[in-house]
Amino acid sequence: MSDLADQTELQLVAELLQTAPRVAVLTGAGMSAESGIETFRQPQTGLWARYDPMELAHADALARDPKMVTEWYHWRFSRCAHAKPNPGHVALAQLQQLKRDAGGNVDVLTQNIDGLHQAGGALDVVELHGSILRWRCQKTGEKRPIGEVDFSSFPPTSKAGGVLRPDIVLFGEMLPTDAIEAAERAVMSCDVFLTIGTSAVVYPAAGYIDMALSRGVPTVEINPEATPMTGSVTHALRGPSGVVLPELLRRVRD
Ligand code: BV8
């Protein structure tokens with residue numbers, strides 16, 4: 001945060017966070033970028049720069065070629081298995097604790113499947129797109145932690161003989177009903193809405209930004225780049241979440 005405008009915006013947002021009892025936060029892949037996990041749309045290095053997302057992260061692809069898709073997700077897991085929560089994850093979890101101690105809350109609604117919010121201390125995280133740390137049997141629906149899956153061959157199979165797939169939401173699949181209900185409750189009851197590290201192009205998740213905007217609550221975007229929502233939000237903090245969130249927390253605590 002170098003120039004005055006940013007300092008002023010930062011201070012305004014910190015004051016909002018100080019007084020608002022309930023905060024709803026939508027996070028995307030940018031939240032985990034400083035943990036070393038590639039985002040989806042980073043040109044050249046982004047996951048999708050090298051793969052066609054609709055070729056791999058799509059329900060039709062899994063039905064057509066479960067071997068390829070489960071191998072890709074196992075590779076995706078290998079790239080986040082050793083990732084650690086970054087200062088942005090930790091600051092958000094500490095803000096949540098601060099709010100809870102004062103009788104309020106921070107509802108974390110994440111599109112990420114890496115489990116880093118929980119690893120950073122956040123509670124009751126709403127995993128809108130599921131988790132790569134859980135895999136489920138396509139035959140029985142039984143779920144198990146990834147550590148209990150045998151990846152000696154692909155696609156991995158369960159004892160019931162069904163294909164084991166990551167417990168995530170692929171394109172063309174509905175989000176879990178309980179996640180949708182929790183997210184709607186959070187956005188409809190929040191006093192401030194933050195959108196952090198998301199390009200805001202994937203629905204229905206990006207629709208929660210629209211929902212907050214339609215309620216007229218103050219909305220804040222934290223992202224080094226502009227997004228389709230930048231022109232609509234109340235405050236746009238241009239910077240990496242691993243830097244901006246700890247700075248906001250410091251000011252909230254002051
Ligand atoms: C559904 C799990 C219906 C898998 C994911 C046209 C219009 C609207 C919708 C659609 C449409 N055509 C098709 C659709 C539907 C589709 C969709 O939205 N498509 C988009 C591409 C147009 N949606 C769906 O299919 C959804 N389901 O609609 O179902 C239905 C109805 C009946 C019956 C059946 C079905 C399901 C969507 C979920 C798909 N699964 N992930 C996996 O992870 O592989 S989505 C995937 O994209 C990830 O979850 C990811 O999180 C998400 C969004 O991407 P971002 O998180 O925003 O990441 P991105 O790289 O894009 O951006 C990173 C941002 O971070 C950037 O802005 C960058 O500047 C910033 N950044 C970088 N560094 C930092 C940073 N920010 C902060 N700090 C930093 N350091």
Side-chain angles (χ1 to χ4, degrees), residues 1 25-63 68-77 79-80 83 85-89 91-92 108-117 125-136 165-177 179-180 183 194-210 220-230 233 236-248:
M1 299 294 108
V25 186
L26 174 70
T27 70
M31 188 79 210
S32 298
E34 290 153 276
S35 296
I37 299 179
E38 292 160 322
T39 65
F40 286 83
R41 290 167 188 80
Q42 237 161 312
Q44 287 80 47
T45 59
L47 285 172
W48 293 359
R50 280 169 283 153
Y51 299 98
D52 173 352
M54 293 310 167
E55 276 308 298
L56 287 163
H58 200 291
D60 296 347
L62 179 66
M68 175 188 68
V69 173
T70 53
E71 271 181 329
W72 186 59
Y73 275 101
H74 185 254
W75 173 77
R76 289 270 308 280
F77 169 70
R79 299 183 69 76
C80 64
N86 64 59
H89 293 110
L92 196 56
V108 179
L109 318 173
T110 189
Q111 300 172 88
N112 300 339
I113 61 173
D114 56 30
L116 287 181
H117 277 298
V125 175
V126 179
E127 294 178 320
L128 296 168
H129 295 160
S131 171
I132 203 166
L133 304 177
R134 283 189 311 273
W135 285 52
R136 74 170 185 264
R165 55 159 287 173
D167 188 31
I168 60 172
V169 179
L170 295 169
F171 283 102
E173 294 181 331
M174 281 301 279
L175 276 56
T177 312
I180 291 175
L194 311 183
T195 168
I196 305 173
T198 183
S199 57
V201 296
V202 171
Y203 283 80
Y208 295 123
I209 308 169
D210 300 309
V220 182
E221 179 181 75
I222 299 174
N223 194 320
E225 315 279 337
T227 76
M229 295 293 176
T230 302
V233 294
L237 301 180
R238 277 283 156 273
S241 46
V243 171
V244 172
L245 284 168
E247 175 59 21
L248 278 175

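Numbering of ligands and ligand atoms starts at 1, following listing order.
With a 4.0 Å cut-off on non-hydrogen atoms, Val201 touches ligand 1 through its backbone and not its side chain. Residue Ser241 touches ligand 1 through backbone and side chain together, judged by heavy-atom distances below 4.0 Å. Residue contacts with ligand 1 for Val202 involve both N, CA, C or O and side-chain atoms from C-beta outward (heavy atoms, distance under 4.0 Å).
Atoms of ligand 1 lying under 4.0 Å from any heavy atom of Ala29, numbered from 1 in the order shown and given with element: 55 (P), 56 (O), 58 (O). Under a 4.0 Å criterion applied to the non-hydrogen atoms of Glu34, ligand 1 contributes the atoms 78 (N), 79 (C), 80 (N). In the vicinity of Gly28, heavy-atom distances shorter than 4.0 Å reach the ligand 1 atoms 56 (O). Proximity to Pro240 (heavy-atom distance under 4.0 Å) selects the following atoms of ligand 1: 78 (N), 79 (C), 80 (N). Taking a cut-off of under 4.0 Å to the non-hydrogen atoms of Ser199, the atoms of ligand 1 that pass are 57 (O), 59 (P), 61 (O), 62 (O), 64 (C), 67 (O).
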**OP:** Quick one: do Met31 and Ile222 satisfy side-chain contact (heavy atoms from CB on, under 4.5 Å)? Show the steps, please.
**Re:** CA-CA 9 Å; Met31 188 79 210; Ile222 299 174; over 6 Å; no
**OP:** Using the side-chain contact (heavy atoms from CB on, under 4.5 Å) rule, take Thr195 and Glu221 through it: C-alpha gap first, then chi angles, then the decisive distance, then the call.
**Re:** CA-CA 5 Å; Thr195 168; Glu221 179 181 75; 3.9 Å; yes
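Of all non-hydrogen atoms in Ala200 and Pro228, the two that sit nearest each other are O-CG, 4.3 Å. When all heavy atoms of Thr110 and Thr27 are compared, the pair lying nearest together is OG1-OG1, 2.7 Å.
A heavy-atom separation below 4.0 Å is found between Gly172 and ligand 1.
For the pair Asn86 (side chain) and Gly88 (backbone), a donor-acceptor distance under 3.5 Å is present.
In this structure, of Met31, Glu225, Met174, the residue bringing a heavy atom nearest to atom 32 (C) of ligand 1 is Met174. For the residues Trp72, Phe171, Tyr203, the heavy atom positioned nearest atom 18 (O) of ligand 1 is part of Tyr203. The nearest non-hydrogen atom to atom 52 (C) of ligand 1, considering only Glu173, Glu38, Gln111, Glu127, comes from Gln111.
Ring pair His74/Phe77 is tilted by interplanar angle, where 30° to 60° counts as tilted. Ring-plane geometry between His58 and Phe171 is classed as parallel, the angle between the planes falling under 30 degrees on a 0 to 90 degree scale with a further cut at 60.
Counting heavy atoms from C-beta on, the side chains of Pro87 and Leu245 never come closer than 4.5 Å.
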